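What follows is a single structure, written as structure tokens, with notes after it.
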Amino acid sequence: MNDIAVAAGSYPVMVLARAASEGDLSAARAQMGFSLAWHIVVACLGVGLPALTLLAEWLGVRRNDPALQLLARRWARAMGVLFAVGAVSEGPCVFRTV
């Protein structure tokens, strides 16, 4: 057994934890890197897409173009999905840095 018994005062204490191996650390780093990279992409789209949607809606109303107005409505739906995905992907980023 690899358990270590340490006497603390008069009570023996079993230490069941082990140090993280290099494989554990590289897997955790890869997961963190992927999560951060995904969040950065989604966050950039979430910041830029509302401006493009606003521009498409404004041009659609100004030019009376139903295609631009339809495009703006579809992009608005995509923004809802992006917001949900961004909020979900932000959670692991926040909790891993604490």
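If you're wondering where the values come from, they're calculated on a predicted model, not measured in any experiment. Just so you know, residue 1 is the first one in the sequence shown, and it goes up from there. Values below: every heavy atom of this structure, side chains too, minus hydrogens, waters and symmetry copies.
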Determine, step by step, whether Leu82 and Leu49 satisfy the side chain to side chain contact (heavy atoms under 4.5 Å, CB included) criterion, reporting the C-alpha distance in whole Å, the side-chain angles of both residues, the deciding distance to 0.1 Å, and the verdict. CA-CA 9 Å; Leu82 272 174; Leu49 193 58; 3.8 Å; yes
Looking at every non-hydrogen atom in both residues, tell me the closest pair between Pro50 and Val47 and how far apart they are. CD-O, 3.5 Å
Cluster question for you: counting only ILVMFWY and a side-chain heavy-atom cut-off of under 4.5 Å, with indirect links fine, are Leu71 and Leu55 together? yes
[atom1] of [X] to [atom2] of [Y]: how many Å apart, nearest 0.5 Å?
X	Y	atom1	atom2	answer
Met79	Leu52	CE	CG	9.5 Å
Asn64	Gln69	CG	CD	6.5 Å
Trp58	Arg63	CH2	CZ	8.0 Å

Any side-chain heavy-atom pair from Glu57 and Leu68 closer than 4.5 angstrom? no
